[in-house]
Amino acid sequence: IPDALAIGDVRSAEAANAVLDAAYGAGLVITTITAPSGALAIERLVEHCGRDRQESARAILGQTLLGTIVPVPGRTGRTFEVVRPGERRA
């Protein structure tokens, strides 16, 4: 497994499973998921994995997710922030 892996927008079970396999293998994985919020992006990733892998997908994400990059509400232009697991946005 490479030190870092970039995967385009996750829209299929194959891509979602590749993201999770790489994350579990301790590599840095950077990907995009189109969703209205960080929380829904995580749910979409889990849903793409298929019913038989959703529980393990949540466990892998719980162990490996460093953060999500989300737009800052109320700001114009492309302003983003990193939200780490367990943090609440101001």
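Numbering of residues begins at 1 and proceeds along the displayed sequence. Keep in mind that what you see is a predicted model, and the values were worked out from it rather than measured.
When all heavy atoms are compared, the tightest approach of Pro36 to Arg44 is CD-NH2, 3.9 Å. What you find for Ala23 and Val29 is that their closest heavy atoms are N-CG2, 3.6 Å. Residues His48 and Ser12 share a closest heavy-atom pair of CB-O, 3.9 Å.
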### Task
Check step by step if side-chain contact (heavy atoms from CB on, under 4.5 Å) holds for Ile30 and Leu5.
CA-CA 6 Å; Ile30 300 170; Leu5 180 65; over 6 Å; no

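Under a 3.5 Å cut-off, the side chain of Asp9 and the backbone N or O of Thr34 do form a donor-acceptor pair.
We find the CD1-CG distance between Ile33 and Leu40 to be 11.0 Å, quoted to the nearest 0.5 Å. If you take CD1 on Ile7 and OG1 on Thr32, they are separated by 10.0 Å, rounding to the nearest 0.5 Å.
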Would you mind writing out the side-chain donor-acceptor pairs for residues 51-62 within the sub-3.5 Å range, not counting sequence neighbours?
| residue | atom | partner | partner atom | Å |
| --- | --- | --- | --- | --- |
| Arg53 | NH1 | Asn17 | OD1 | 2.7 |
| Arg53 | NH1 | Asp21 | OD1 | 3.2 |
| Arg53 | NH2 | Asp21 | OD1 | 2.7 |
| Ser56 | OG | Arg53 | O | 3.0 |
| Arg58 | NH2 | Glu43 | OE1 | 3.2 |

